[in-house]
Structures are given as structure tokens and as C-alpha cells.
Amino acid sequence: MSWHPLMVAVAALDALALLFSLVAAKTYIRVLMGWTPQSAEAQQINLEAAAAGASVACRYAVGFFFSATLLWVVGISLVLPNLVAGAMCGTGVMTSMGASGQRALILRGVALALLWVWRTLDGLNRAASRPPAMPTVARFQLLAVPLLALAM
């Protein structure tokens with residue numbers, strides 16, 4: 001890895017995205033294990049409040065990961081061609097990375113698509129007075145966590 005400040009910023013944003021996603025995943029696992037929307041018990045109300053906090057944490061993670069991906073693409077196209085021997089453009093940088101560069105780009109794209117689906121479902125879920133799809137939102141977020149880790 002190049003220690004260019006832009007690449008260090010990408011690594012830091014990726015780490016923040018993974019950290020915030022793991023914090024949200026902890027709550028979303030509890031949601032999948034004990035979500036009962038028809039209940040008015042204190043445990044369910046506390047779980048709803050925790051799910052709202054997890055939603056905020058995951059929205060931050062989406063922002064961090066999107067920013068890191070944007071910086072990574074800018075770095076490949078504008079910054080790294082000057083640092084990679086023989087590369088005159090972003091295509092040369094990707095060629096020098098070999099298959100791992102293509103895998104990283106594909107994983108980032110799939111993770112962004114999955115996080116976009118999560119963000120859409122979460123927005124619809126938060127708009128409802130009684131969140132009907134909280135287990136689905138939790139599943140999509142938990143599915144995105146390993147992709148975020150692999151994309152790093």
C-alpha cells in the first residue's frame with residue numbers, strides 16, 4: 001500500500017465505516033433475536049430505541065464508506081498514476097494491481113449497492129409509525145458488514 005495521504009484517508013474512512021457498522025450490527029443482532037412489534041414491554045421499547053441509534057450509526061457508516069470509495073477512485077485516476085511505475089492513467093494503476101484491484105472495485109460496488117438498499121429500506125421503515133420491516137433492515141445491514149470488511 002502506498003502511504004500517500006489520500007490512501008491513508010481512505011484507510012481511515014474504511015476503518016470508521018467498519019467500526020460504525022459493527023456497532024450497528026450488535027444492535028441489529030438483538031433485533032433479529034427479539035423483535036416483537038406488537039409488544040409494549042420495556043424490553044421492546046428499549047430495543048426500538050437501540051434500533052434507532054443503530055440506524056444513525058449505520059447511516060454514518062454508509063457516508064464514511066461512500067466517501068472512502070470516492071476518494072479511492074479519485075486516487076486511482078488522479079494520484080496513483082504518478083506513484084506507480086509505468087502507469088500513465090488509472091487503467092495502468094488497475095493493471096498493476098492485477099486481479100486484486102478488480103476484486104476490490106467489485107466488492108466496493110456490491111457493498112455500496114447493498115448499503116443503498118439498506119438505506120432505502122431504513123428510510124421507509126423510519127417513515128412508518130410502527131416499523132414493519134425492522135428484521136429485513138437488520139438482515140441487509142448484517143449482510144453488508146462482511147462485504148465492508150472484505151472491501152477494506
Side-chain angles (χ1 to χ4, degrees), residues 1-35 37 47-128 131-152:
M1 178 180 144
S2 171
W3 288 105
H4 191 278
L6 188 67
M7 295 299 110
V8 173
V10 168
L13 286 170
D14 277 343
L16 282 172
L18 186 60
L19 177 70
F20 276 70
S21 288
L22 289 172
V23 167
K26 180 182 169 187
T27 301
Y28 282 136
I29 289 171
R30 288 181 32 220
V31 164
L32 287 177
M33 293 175 61
W35 188 259
L47 191 57
E48 289 176 8
S55 173
V56 171
C58 199
R59 279 184 271 151
Y60 274 110
V62 170
F64 289 142
F65 188 71
F66 178 77
S67 299
T69 301
L70 187 64
L71 283 176
W72 190 66
V73 170
V74 166
I76 285 174
S77 61
L78 298 177
V79 176
L80 291 179
N82 297 330
L83 301 175
V84 175
M88 292 186 289
C89 62
T91 304
V93 173
M94 290 300 291
T95 302
S96 70
M97 282 193 239
S100 62
Q102 292 175 350
R103 277 193 301 266
L105 193 58
I106 290 169
L107 280 171
R108 281 188 175 275
V110 170
L112 280 174
L114 191 60
L115 288 171
W116 176 77
V117 170
W118 171 85
R119 181 73 172 96
T120 303
L121 286 173
D122 184 58
L124 292 172
N125 201 43
R126 284 184 300 115
M134 184 54 76
T136 305
V137 170
R139 285 184 188 99
F140 269 97
Q141 196 276 337
L142 291 173
L143 185 61
V145 172
L147 284 174
L148 286 174
L150 286 174
M152 281 181 67

First locate atom [atom1] of [X], then atom [atom2] of [Y], and finally report the distance between them rounded to the nearest 0.5 Å.
X      : Y      : atom1 : atom2 : value
Leu78  : Leu71  : CG    : CG    : 11.0 Å
Ser21  : Leu115 : OG    : CG    : 6.5 Å
Leu121 : Arg126 : CG    : CZ    : 11.5 Å

Minimum heavy-atom separation for [X] to [Y], with atom names?
X      : Y      : value
Leu13  : Ala68  : CB-CB, 3.6 Å
Ala17  : Leu148 : O-CD1, 4.3 Å
Thr27  : Ala54  : CB-CB, 3.7 Å
Gln141 : Ala25  : OE1-CA, 3.5 Å

Q. Can you list every ring-ring contact (aromatic ring centres under 6.0 Å, His included) pair that touches residues 65-95, not counting sequence neighbours?
A. none
Q. In terms of the angle between their ring planes, are Trp118 and Tyr28 parallel, tilted or perpendicular, with boundaries placed at 30° and 60°?
A. perpendicular
Show me, pair by pair, the donor-acceptor contacts under 3.5 angstrom made by side chains of residues 100-114, not counting sequence neighbours?
{"from": "Ser100", "atom 1": "OG", "to": "Met97", "atom 2": "O", "distance (Å)": "2.9"}
{"from": "Arg108", "atom 1": "NH1", "to": "Asp14", "atom 2": "OD1", "distance (Å)": "3.4"}
{"from": "Arg108", "atom 1": "NH1", "to": "Thr69", "atom 2": "OG1", "distance (Å)": "2.9"}
{"from": "Arg108", "atom 1": "NH2", "to": "Asp14", "atom 2": "OD1", "distance (Å)": "3.1"}
{"from": "Arg108", "atom 1": "NH2", "to": "Asp14", "atom 2": "OD2", "distance (Å)": "2.3"}

**Q.** For Arg59, salt bridge (charged side-chain N to carboxylate O under 4.0 Å, His left out) partners two or more places apart
**A.** Asp122
(Q) Within the 4.5 Å heavy-atom criterion, are Leu32 and Leu142 side-chain neighbours or not? (A) yes
